[in-house]
Trainee: 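Could you have a look at this structure, given as structure tokens, before my questions?
Order of appearance sets the numbers: ligands from 1, and atoms from 1 within every ligand.
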Amino acid sequence: MYCKDFLDFEEIMFVCNYKKLERIKSNLQFFFPLSDKILCLICENLQLCNVQAIYEHINSEKHIIKFNMLHENEEHLELLKQLVKIQPAYTKCFACDIHTFQSRKTNIDFKNHINTSSHKNNCNQLRNQIELILKEFQNLWYSIQYFACVDCNKKFRIKIKFMEHLNDKHKEIIRNETNSKFDFCLTCATLWYKTSDIKDIHINYEQHCQLQMHQYLKKSNDFAITPLPQTLQKLLRNVNEISANLFQLSKKVLNDPKVTQLTDALKHIVGTCQLPVEVFMFGSRVTGLALTNSDIDIYLNFGDECIEPQSIKRRSKQIQDCLHTDHENWDIELTLDRSRTPIIKVKHRSTGLQCDISFTKGLSVENSKLIRAFNTAYPPCQKLTLFLKKWLSLAGLSGPDGITNYALVWLVIFYLQVKLKIPSIVDLIKSHNQSKIISGWETGVSDTILINVSQQPIHELLLGFFEYYGGFDYMHLIVCPLLGETCQKKAFAEVSILPNSMALYIAQLRGDNPEYFRIDSPMCVQDPYDLSHNLTKAVSILMLKRFKHYCNESLLVLRSVIAKS
Ligand SMILES: [Zn+2]
Ligand SMILES: [Zn+2]
Ligand SMILES: [Zn+2]
Ligand SMILES: [Zn+2]
């Protein structure tokens, strides 16, 4: 379990060391944003496109030499702080984009110029942009994927392992609450611990830059945040049209006769084999979020809990044997007996549809009913999710190591809970008054819920979504649809301060197989029923950073599209 001491120490560890930050600050005042690039005015003509490159540059020997030389000439230094550069041939104000040639004696007095209000305005605007770059250094939490202990020559892919190592072997640093022995490389997305006597702080980093791994990553630029893809920009320029099309399509898919054909065939074959089951469909085909090629999720309810690995295996075999009796029609493609949800993947030949059969835990059926209830009661919820599903996939943010469609649904519903005050799951269970426990978790929401909120246009909701998740504090907060409001990660480390509505979560922690909610994952979205389940536990920090970044970028694009129309 991720303990409170670790959370507290993250606040220290991920803050850039004070001395280092001061050095970055003193360098950044000589940087000049140039469309999507950044120019180092000390070295000039050198274009850098991201924070990684800037950090690497200000630590390079060439730059350091010129930086030190600049400080020997008081006059040049003061002018360059004002973005005015004196060269042998000419003098230029970068903020105002004006220059004079020394030979021609056209006399702009740059010492007066820097006091004019127009120059000051220009400078301030540019400084705001530079300020954003500085922010990335102030909080490294979003930029670090890997960890290392140089002293012990150990690398860590998982934060909790690194914290445990520090706690075991270097306990004094956690006790002393200091970050002076940490260094980082944004290019490698790595933070490391190293005791060192070297006073000059950039030397450690320079040594790091010689490493092969660093050189490789510098070329590949794997961890850099890329600009918003063209396909996404196009998508955002046609929100209303695309969203209407997706909505129509999803309605058509919901009434697809082929799906009925498949479920009928399945009911028939389990009947023939005399399997004691009820056949349920769940997932996107039920919630209204499916598109033409979506899989069909089937749950075979045997009416009991099937948890033991042996009985899971036996049951899986039983179902496969049954399907084999009609192998003309059912093609078993893959069986996953040991995953969180064991699954049999089959293809139904006559309809050509793909089908995932699960047979443990009934919670997924309840989840689907819940989502369908929200989508029916408030169709903009469905429209928003359908559009964002497309947005996620074009952004390269979907898939197993990204944000799953299921997690997206809850991000959307949660946003509507916070923004429009649509009901929380706690309230829905309470008002229906038919609470029932399934697989240890409380369910019991009516199939038809009432949402008394005016239907907002899709682009408004989309703007709000991007703004909310673009500014969300992922370092400290958990998205919690059960409550309809955020919950502190800290509360999950201390447990005793969790709200009463999480009593079942606390109770299972005291049981034989406690399952802790994964607060050590960068992104935390709690399942509305299975309160131990972090729906986004597989999302890496850099995936999260990209999600946040794209939300903010999409917000800007969408705003300008709306302003123009
Ligand atoms: Zn430079
Ligand atoms: Zn100027
Ligand atoms: Zn160590
Ligand atoms: Zn590196």
Trainee: When you measure from the Zn ion (ligand 1) to each N, O or S atom of His63, which atom gives the shortest distance?
Mentor: ND1
Trainee: If you stand at the Zn ion (ligand 2) and look out to SG of Cys96 and NE2 of His113, what angle do those two lines make, to 10°?
Mentor: 110°
Trainee: Can you list, by chain and residue number, the protein N, O or S atoms under 2.8 Å from the Zn ion (ligand 4)?
Mentor: Cys185 SG, Cys188 SG, His208 NE2, His214 ND1
Trainee: Please find the N/O/S atom of His119 nearest to the Zn ion (ligand 2) and write down its name.
Mentor: ND1
Trainee: Do other residues, nucleotides or ligands put more than 12 heavy atoms under 6.0 Å from Asn513 CG?
Mentor: no
Trainee: Only pairs at least two apart or in different chains count here, so list each salt bridge (charged side-chain N to carboxylate O under 4.0 Å, His left out) that has a residue in residues 69-89.
Mentor: Glu44-Lys85, Glu75-Lys111, Glu78-Lys81
Trainee: Looking from the Zn ion (ligand 1), what is the angle between SG on Cys40 and NE2 on His57, to the nearest 10°?
Mentor: 110°
Trainee: Looking at Tyr142, I'd like to know if the NZ or CZ of Lys548 sits under 6.0 Å from its six-membered ring centre while staying within 45 degrees of the ring's axis.
Mentor: yes
Trainee: Would you call the rings of His63 and Phe31 parallel, tilted or perpendicular, where under 30° means parallel and over 60° means perpendicular?
Mentor: tilted
Trainee: For Lys25 and Glu22, run salt bridge (charged side-chain N to carboxylate O under 4.0 Å, His left out): C-alpha distance rounded to whole Å, both residues' side-chain angles, the deciding distance at 0.1 Å, then the answer.
Mentor: CA-CA 5 Å; Lys25 257 192 219 166; Glu22 285 303 303; 3.5 Å; yes
Trainee: Under 4.0 Å between a Lys/Arg side-chain N and an Asp/Glu carboxylate O for Lys345 and Asp356?
Mentor: yes
Trainee: I'd like to check Phe492 versus Tyr516 (side-chain heavy atoms, cut-off strictly below 4.5 Å). Are they in contact?
Mentor: no
Trainee: Taking 4.0 angstrom as the limit, do Glu553 and Arg546 come out as a salt bridge?
Mentor: no
